[in-house]
Number of protein chains: 2
Amino acid sequence: MYYDHRMTPLTLDRLLQIGDLFRRDMERAFAGTALTPARVHLLWVVHHAGPSTQRELAEACGVSPRNITGLLDALERSGHVRRVPHPSDRRAVLVRLTDDAVAMMSRMQIEHADLDEALLSAVAPDERAAVERGIAAIAERLEVLVARAEGRPS
Amino acid sequence: MYYDHRMTPLTLDRLLQIGDLFRRDMERAFAGTALTPARVHLLWVVHHAGPSTQRELAEACGVSPRNITGLLDALERSGHVRRVPHPSDRRAVLVRLTDDAVAMMSRMQIEHADLDEALLSAVAPDERAAVERGIAAIAERLEVLVARAEGRPS
DNA sequence: TATTGTTATACTCTATAACTATA
DNA sequence: TATAGTTATAGAGTATAACAATA
């Protein structure tokens with residue numbers, strides 16, 4: 001929560017507020033279950049990438065391999081993923097969603113798209129295309145600025 | 001990181017990506033110091049609210065009072081805040097920024113506004129007003145949806 | 001009796017470093 | 001020698017519950 005509560009918040013504050021609201025809502029939605037935002041994100045990555053090694057998942061999530069081990073331990077206990085042997089590399093494992101998890105992620109993907117639509121419907125119809133373009137442009141600009149600050153000019 | 005990497009990401013994915021990029025950049029910027037995103041956010045709240053009780057800060061940050069105790073312990077050790085006696089309630093303390101922290105937060109506020117401008121300058125000038133309106137509308141809509149989901153119809 | 005903040009405890013997310021088993 | 005994943009260790013953020021001092 002890095003946003004401000006002044007009379008007229010900066011657009012950047014609004015953008016940060018959106019991320020926080022989303023995360024908080026996800027935590028609430030999964031309260032009492034084994035799922036957390038980090039674990040759901042990992043499921044999301046596996047859902048879209050298909051069976052993957054832990055190394056690949058660490059890369060895709062932008063976290064350390066060790067962190068993936070811990071998240072997967074929890075997701076395996078809760079029955080959302082299985083670790084199966086890699087067919088050609090006995091060091092590695094392939095992470096797969098269970099059938100239940102596949103069904104859950106499919107539902108979640110639909111809800112995600114529904115939420116996207118519900119949010120965009122708050123925009124004036126004749127401005128919607130501009131808003132979608134603008135948000136994409138802002139995200140891309142920020143990506144460039146962050147990459148530059150990290151010293152890897154993209 | 002709840003966004004997707006498909007060819008044409010949903011606008012919602014872009015919005016979540018923006019929040020993650022911002023947080024990651026802040027972590028990088030403060031690496032090696034005592035500051036973290038949660039602590040900076042707390043400084044930000046104190047900077048804007050003025051001297052406050054821990055109870056008030058917990059409310060403003062949306063976290064437990066116990067959590068504020070821990071964040072303030074670290075910020076006091078690092079010389080960013082002081083706890084001073086409350087003038088009329090001997091149970092409570094007033095949290096104040098140190099002079100150094102005030103100076104730092106003032107600089108940060110300027111940088112924050114500069115970043116806001118840098119991001120919006122990525123938007124076509126004739127669409128900028130629509131994009132600002134649209135993002136505000138999306139944030140407000142999401143706030144309503146989350147409040148409803150939490151069972152406190154706003 | 002209610003409130004402010006702390007101590008006690010616990011869980012999650014995260015990281016680095018050292019180690020094992022394989023390549 | 002390099003890579004995939006785990007064990008060991010540690011720090012940060014978060015929560016609830018029990019407690020002290022004060023209101």
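Just so you know, these numbers come straight off a predicted model, no measurement behind them. All chains are named by letter (A, B, ...) in the order of the sequence lines, taking the proteins before the strands, and each is independently numbered beginning at 1.
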Engineer: Is the shortest distance from a Lys or Arg side-chain nitrogen in A:D20 or A:R23 to a carboxylate oxygen in the other one below 4.0 Å?
Structural biologist: no
Engineer: In whole Å, what is the span from the CG atom of B:L57 to the C1' atom of D:dT14?
Structural biologist: 17 Å
Engineer: Could you tell me how far apart B:L75 (CG) and D:dA12 (C1') are, to the nearest whole angstrom?
Structural biologist: 12 Å
Engineer: Looking at A:R14 and B:E140, is there a salt bridge between them, counting it only when a charged N and a carboxylate O are closer than 4.0 Å?
Structural biologist: yes
Engineer: Is the phosphate of D:dA4 approached by A:R90 (side-chain N or O, under 4.0 Å from OP1 or OP2)?
Structural biologist: no
Engineer: Which nucleotide wins on minimum distance to the side chain of A:N67, given the candidates D:dA15, C:dT14, C:dA23?
Structural biologist: C:dT14
Engineer: Send over the distance from A:L71 CG to C:dC11 C1', rounded to a whole Å.
Structural biologist: 13 Å
Engineer: Quick one, give me the B/S/- string for nucleotides 2-7 of chain C, reading 5' to 3', where B means a protein heavy atom under 4.0 Å from the base and S means that only happens at the primed atoms, P, OP1 or OP2.
Structural biologist: BBSSBB
Engineer: Grab the CZ-P distance between A:R28 and D:dT14 for me, whole Å please.
Structural biologist: 19 Å
Engineer: Under 4.0 Å from OP1 or OP2 of D:dA12: is there any side-chain N or O of B:T36 that close?
Structural biologist: no
Engineer: In whole Å, what is the span from the CD atom of B:E27 to the C1' atom of D:dG13?
Structural biologist: 11 Å
Engineer: Starting at CZ of A:R24 and ending at P of D:dA15, how long is that distance when rounded to a whole Å?
Structural biologist: 11 Å
Engineer: Ignoring hydrogens and geometry, is there a side-chain-to-backbone donor-acceptor pair from B:T98 to B:G79 under 3.5 Å?
Structural biologist: yes
Engineer: Answer yes or no: is there a donor N or O on one side and an acceptor on the other, between the side chain of A:E150 and the main chain of A:A147, under 3.5 Å?
Structural biologist: no
Engineer: Taking atom P of D:dT7 as reference, at what distance in whole Å does atom CG of A:L72 sit?
Structural biologist: 13 Å
Engineer: Under 3.5 Å, which donor-acceptor pairs link side chains of residues 114-124 of chain B to any protein atom two or more places apart or in another chain?
Structural biologist:
| from | atom 1 | to | atom 2 | distance (Å) |
| --- | --- | --- | --- | --- |
| B:D116 | OD1 | A:T11 | N | 3.2 |
| B:D116 | OD1 | A:L12 | N | 2.7 |
| B:E117 | OE1 | B:R128 | NH2 | 3.1 |
| B:E117 | OE2 | B:R128 | NH1 | 3.1 |
| B:S121 | OG | A:R141 | NH1 | 3.1 |
| B:S121 | OG | B:A118 | O | 2.8 |

Engineer: Determine, for B:R83 against B:D73, whether the closest basic-nitrogen to carboxylate-oxygen distance falls under 4.0 angstrom.
Structural biologist: yes
Engineer: Quick check: on DNA chain C, is the nucleotide nearest A:S88 upstream (toward 5') of the one nearest A:G70, or the reverse? Name the residue that is more 5'.
Structural biologist: A:G70
Engineer: May I have the distance from A:R77 (atom CZ) to C:dT12 (atom P), rounded to whole angstrom?
Structural biologist: 7 Å
Engineer: Would you call B:R133 and A:E127 a salt bridge, using N to O less than 4.0 angstrom?
Structural biologist: yes
